[in-house]
Amino acid sequence: DVKVTQSSRYLVKRTGEKVFLECVQDMDHENMFWYRQDPGLGLRLIYFSYDVKMKEKGDIPEGYSVSREKKERFSLILESASTNQTSMYLCASSFTHGRGNSYNSPLHFGNGTRLTVT
Amino acid sequence: QKEVEQNSGPLSVPEGAIASLNCTYSDRGSQSFFWYRQYSGKSPELIMFIYSNGDKEDGRFTAQLNKASQYVSLLIRDSQPSDSATYLCAVLSGSARQLTFGSGTQLTVLP
């Protein structure tokens, strides 16, 4: 079974702090993603990565950055946390099979990190 | 305009009934379609995926895809109270490599 592990289940941080959310997957997946989930807004993509040292912006990248130094690890960084970044953060991974992008494997999600910024 | 639309519900069905969850998408080039189930406080888990027009069955679950109508649905037969959850539709468009999620439909199965 694919395992996607997020380092923290709950985090409480103060406004202005730099926050690191870590995610590790054990299935050698090429693709890794960071989403946030808020009531009524669903899952929104923050950043994703197709390979080591690669990153691409998702739908809501403002206020966030990411790092992928190793294939299995994808970190989300809040440079200066703000209260509107209070949310559930979900990491996911997948692999790409077949030619092109048409047949990405389904996403496998971690258990999520509930971040509260006060 | 949202790219993936779902009726947010809540949808309530009695135990043993068929629950029908619907999803429409805007990108005609979309290739892959996924249904995830999310229990309260938990992360989404994959239920079904479908790539081709028609029906795909897995146990009590049937996914239906109609690319001409840009419509994908999930049927849950013999609904159980344990099926009560939020169901997320996700679409992989032809031009992107990431999934776009609908906002989810909350399903309640009443004993």
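Keep in mind the model is a prediction, meaning the values are calculated, not measured. Residue numbers begin at 1 in each chain, while the letters A, B, ... track the order of the sequences.
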Exercise for the section: Under the side chain to side chain contact (heavy atoms under 4.5 Å, CB included) rule, what do A:Q37 and B:Q38 come out as? Steps first, then yes or no, please. Expected result: CA-CA 12 Å; A:Q37 187 172 31; B:Q38 187 175 24; 2.7 Å; yes

Tell me whether [Y] is reachable from [X] by hopping between hydrophobic residues (I, L, V, M, F, W, Y) whose side-chain heavy atoms are closer than 4.5 Å.
X	Y	answer
B:W35	B:I76	yes
A:M88	A:Y35	yes
A:L78	A:I60	yes
A:W34	A:V4	no

Handout entry: Approximate separation, where rounding is to 0.5 Å, of A:S94 OG and B:L46 CG
Key = 11.5 Å

Completion exercise
CZ (A:F109) and OH (B:Y36) are apart, to the nearest 0.5 Å, by 5.5 Å

Problem - Heavy-atom donor-acceptor pair, B:S43 side chain to A:G110 backbone, under 3.5 Å - result: yes

Problem - Minimum side-chain heavy-atom gap A:L43-B:S103 below 4.5 Å - result: no

Handout entry: Heavy-atom side-chain proximity of B:L99 to A:L107 below 4.5 angstrom
Key = yes

Exercise for the section: Please check if atom CZ in A:R14 has more than 12 non-hydrogen atoms from other residues, nucleotides or ligands closer than 6.0 Å. Expected result: no

